[in-house]
Amino acid sequence: MRREPDTSGDLSACRTRRGQNAGPAALGNQGGIHKIAISELRVGMEVVDTGLSWTQHPYLYSEAGRITSARQIKDLVEQGYRDLFIQDAGSDRLIEEAPVPEDKAACGHNVAHPLPGAEDYARALGLYDDSFGVINSFILAAKLGRPMDREASVRLVEGLIDSVTSNPDALVSLVSLRFNDDYTFTHCINTAVLAVVFGRHLGLEKPKLRRLGEAGLFHDLGKTRIPEEILDKPRRLTPEEFRVVKAHPAEGAAILEKQDMVSDGVLRTIRDHHEKFNGTGYPLGVSGDRLCLSAQIVGLADCYDAMTSHRPYRRAILPNTAMRILFAMRNKDFSRDLIEPFIKCLGIYPVGSPVRLRNGEVALVCGANPESPLLPTIKIIMDANMRPRPHRILDLSSPEARALGDDISIATALDMSVLGVDPAGFLF
């Protein structure tokens with residue numbers, strides 16, 4: 001068994017780093033989405049579709065719509081649902097923006113050339129594309145009981161870390177754009193990418209980033225032992241089906257341990273990535289500071305990507321909605337000390353996301369702004385009638401953008417399909 005020092009400990013290290021580096025932007029609680037127990041459900045409440053599958057949250061009710069009768073509530077209780085997310089009638093604002101320093105350089109300008117850092121994006125795209133072949137070989141080997149190529153996983157994770165170190169926005173944009181329609185392969189690489197990007201944002205050293213990358217790649221390997229009719233089931237799992245699903249973290253760790261593929265720290269991360277901060281996770285119901293930091297990070301990346309991914313039985317939800325749902329999970333599913341910096345790391349509108357501005361124009365987010373997550377750098381690509389227009393890059397936190405007023409602020413996120421074109425051609 002390969003060994004590495006287990007210095008991740010509890011969440012206190014994250015708290016210390018966050019206290020030093022969080023910056024002035026603070027997450028608020030002004031309305032939006034809330035996670036509540038089924039006992040708190042009342043007639044008239046609006047339930048939110050989280051995009052989470054029954055295999056991940058079998059006791060979560062997430063069929064979107066308004067609760068119209070007491071009988072409906074009684075039926076949900078009798079069916080065994082325990083939690084749900086509701087949208088209140090208040091403000092949908094997620095964060096309270098911090099003041100932007102006046103001396104921050106503006107970068108808005110018309111361009112007719114690729115974005116700055118285009119070489120980083122090209123290298124990230126090559127790495128991301130190559131990863132599907134590597135992941136396919138791992139999954140096939142696990143299904144057939146054949147040896148896996150440990151060196152291939154090491155090279156892939158090292159490549160991810162190098163790419164994130166060079167330009168984290170490059171890989172995050174690929175997570176948003178989704179160049180492969182196979183959920184199994186895409187989810188594995190996306191979870192690894194998001195975990196490494198977030199780990200670097202927290203200031204973790206390379207050995208811990210390596211742990212996050214390997215655990216992200218292999219976190220769902222145990223699902224190769226679960227029948228497809230359970231994994232792709234469009235309706236709530238039975239208790240027996242959920243018992244089968246709950247075995248996948250241990251199954252995946254056992255496959256890897258037998259082949260001496262990863263360190264003990266990675267095995268622990270994989271086993272615990274479905275544990276929850278409030279102790280309602282599985283397999284052991286570990287809670288609070290007893291949770292492994294790397295398992296919490298991989299679990300958070302796993303949850304975010306699952307919500308924002310299309311599945312055969314449901315469409316993805318928009319990234320900004322996913323962020324609001326994650327915020328409602330703070331100190332329940334995940335520690336607040338991780339949720340808030342995760343939102344700052346990716347932004348309310350992650351790199352690669354299409355958005356509509358208040359003046360009707362359409363843009364792609366091309367740069368994150370951790371200190372002001374609602375004010376990323378964007379590339380305006382279409383006019384209000386969805387017609388191509390001369391491209392323009394604009395930092396929404398710059399003096400130039402502020403001088404243009406609210407018309408150049410983001411009004412809403414858009415589904416990628418509404419563009420009608422390949423957004424990668426605009427972004428790269």
*Leu256 and Met148: CA distance, side-chain angles, deciding distance, side chain to side chain contact (heavy atoms under 4.5 Å, CB included) verdict*: CA-CA 9 Å; Leu256 295 166; Met148 289 182 282; 3.8 Å; yes

*Please step through side chain to side chain contact (heavy atoms under 4.5 Å, CB included) for the pair Leu338 and Phe198, ending with a clear verdict.*
CA-CA 9 Å; Leu338 287 181; Phe198 184 39; 4.0 Å; yes

*Kindly say whether Arg150 contributes a backbone atom to a donor-acceptor pair with the side chain of Ser153 at under 3.5 angstrom?*
yes

*What's the verdict on salt bridge (Lys or Arg N to Asp or Glu O under 4.0 Å) for Lys344 and Glu371, showing C-alpha distance, side-chain angles and the deciding distance?*
CA-CA 7 Å; Lys344 286 187 175 183; Glu371 294 308 318; 5.1 Å; no

*Taking all non-hydrogen atoms of both residues, which atom of Pro373 and which atom of Pro376 are closest, and how far apart?*
O-CD, 4.1 Å

*asked:* Working to the nearest 0.5 angstrom, can you tell me the gap between Asn278 CG and Ser335 OG?
replied: 11.5 Å

*Could you walk me through whether Lys276 and Asp333 pass the salt bridge (Lys or Arg N to Asp or Glu O under 4.0 Å) test, one step at a time?*
CA-CA 5 Å; Lys276 295 181 181 179; Asp333 298 63; 3.4 Å; yes

*asked:* Keeping Thr191 on the side-chain end and Cys188 on the backbone end, is there a donor-acceptor pair under 3.5 Å?
replied: no

*When rounded to the nearest 0.5 angstrom, what distance separates CG in Leu52 from CH2 in Trp54?*
10.0 Å

*Taking C-beta and beyond as the side chain, do Phe277 and Asn331 meet within less than 4.5 Å on heavy atoms?*
yes

*asked:* Quick one, Val175 with Leu171, criterion side chain to side chain contact (heavy atoms under 4.5 Å, CB included). Give me CA distance, side-chain angles, the key distance, then yes/no.
replied: CA-CA 7 Å; Val175 171; Leu171 276 172; 5.8 Å; no

*Can you find a side-chain donor-acceptor pair between Arg356 and Thr412 that sits under 3.5 Å?*
no

_Is any side-chain heavy atom of Asp220 closer than 4.5 Å to one of Lys223?_
yes

*Could you go step by step and tell me if Glu151 and Arg155 meet the salt bridge (Lys or Arg N to Asp or Glu O under 4.0 Å) rule?*
CA-CA 6 Å; Glu151 292 305 314; Arg155 287 193 301 272; 5.1 Å; no

*Any chance the side chains of Ser166 and Asp120 put a donor and an acceptor closer than 3.5 Å?*
yes

*Counting only heavy atoms not in Glu228, do more than 12 fall under 6.0 Å of its CD?*
no

_Residues that Thr238 engages under side chain to side chain donor-acceptor pair (under 3.5 Å), provided they are two or more places apart_ = Glu241

*Centroid-to-centroid, Phe242 to Tyr282, below 6.0 Å?*
yes

*Of all heavy-atom pairs between Asp49 and Ile317, which one has the smallest distance, and what is that distance?*
O-CG2, 3.5 Å

*To the nearest 0.5 Å, how far apart are CG in Leu194 and SG in Cys303?*
11.5 Å

_Using a 3.5 Å distance criterion without hydrogens, assess whether the side chain of Thr186 forms a donor-acceptor pair with backbone atoms of Tyr183._
no

_Is the shortest side-chain heavy-atom distance between Gln79 and Asp75 below 4.5 Å?_
yes

_Working to the nearest 0.5 angstrom, can you tell me the gap between Ile339 CD1 and Lys332 NZ?_
11.5 Å

_Are Met323 and Phe342 packed together at the side-chain level, in the sense that at least one heavy-atom pair is separated by less than 4.5 angstrom?_
yes

*How about Ile36 and Phe85: do any of their side-chain heavy atoms sit closer than 4.5 Å?*
no

*asked:* Here's a test for you: under side-chain contact (heavy atoms from CB on, under 4.5 Å), which of Leu346, Asn190, Asn167 qualifies with Val172?
replied: Leu346

*Below 4.5 Å, heavy atoms only, C-beta onward: do Leu127 and Leu156 meet side chain to side chain?*
yes

*Would you call His273 and Pro249 a side-chain contact if the rule is heavy atoms closer than 4.5 Å?*
yes

*Side-chain donor or acceptor of Glu275 paired with backbone N/O of Gly285 under 3.5 Å*: yes

*With distance as the sole test, does Glu40 use its side chain to make a donor-acceptor pair with the main-chain N or O of Ala37 at under 3.5 Å?*
yes

*Using a strict 4.0 Å threshold on nitrogen-to-oxygen distance, state whether Arg210 and Glu214 make a salt bridge.*
no

*Considering non-hydrogen atoms only, spot the tightest contact between Thr269 and Ala215 and give its length.*
CG2-CB, 3.5 Å

*So, Arg66 side chain and Gly44 main chain: donor-acceptor pair closer than 3.5 Å or not?*
yes

*Apply the test side chain to side chain contact (heavy atoms under 4.5 Å, CB included) to residues Ile325 and Met329: give CA-CA distance (whole Å), side-chain angles for both, the deciding distance (0.1 Å), then the verdict.*
CA-CA 6 Å; Ile325 291 171; Met329 290 178 164; 4.2 Å; yes

_Asp182 and His187 side chains, donor-acceptor separation under 3.5 Å_ = no

Let me check something: any side-chain donor-acceptor pairs from residues 130-142 under 3.5 Å, sequence neighbours excluded? List them with distances.
residue : atom : partner : partner atom : Å
Ser131  : OG   : Tyr128  : O            : 2.5
Ser137  : OG   : Val134  : O            : 2.6

*Phe327 ring centre to Arg330 NZ or CZ under 6.0 Å, with the angle to the axis within 45°?*
yes

*Thinking salt bridges, do Asp415 and Arg315 make one under a 4.0 Å N-O criterion?*
yes

*Donor-acceptor contact below 3.5 Å, side chain His310 vs main chain Ala316*: yes

_Arg324 (side chain) donor-acceptor with Gly32 (main chain) under 3.5 angstrom_ = no

_Test your reading of the model: is there a side-chain donor-acceptor pair from Glu158 to the backbone of Val154, 3.5 Å cut-off?_
no

_Quick check for you: to the nearest 0.5 Å, what is the distance between Arg82 atom CZ and Ser39 atom OG?_
12.5 Å

*Take the angle between the ring planes of His274 and His248 and call it parallel below 30°, perpendicular above 60°, tilted in between.*
perpendicular

_Restricting to non-hydrogen atoms, name the atom on Thr308 and the atom on Ala322 that form the minimum distance, rounded to 0.1 Å._
CG2-CB, 3.7 Å

*Are Lys233 and Glu229 close enough, and set up right, to give a salt bridge (Lys or Arg N to Asp or Glu O under 4.0 Å), and what steps lead you there?*
CA-CA 6 Å; Lys233 186 176 180 179; Glu229 57 267 25; over 6 Å; no

*Side chain to side chain, Leu414 and Val355, heavy atoms closer than 4.5 Å*: no

*May I ask you to decide if Val47's main-chain N or O and Gln87's side chain share a donor-acceptor pair within less than 3.5 Å?*
no

*Look up atom CG in Leu202 and atom CD1 in Ile297, then write down how far apart they are to the nearest 0.5 Å.*
5.0 Å

_How close do Val197 and Cys345 get, counting heavy atoms only, and between which atoms?_
CG1-SG, 3.7 Å

*Where Leu84 and Leu60 come nearest, the two heavy atoms and their spacing*: CA-CD1, 3.5 Å

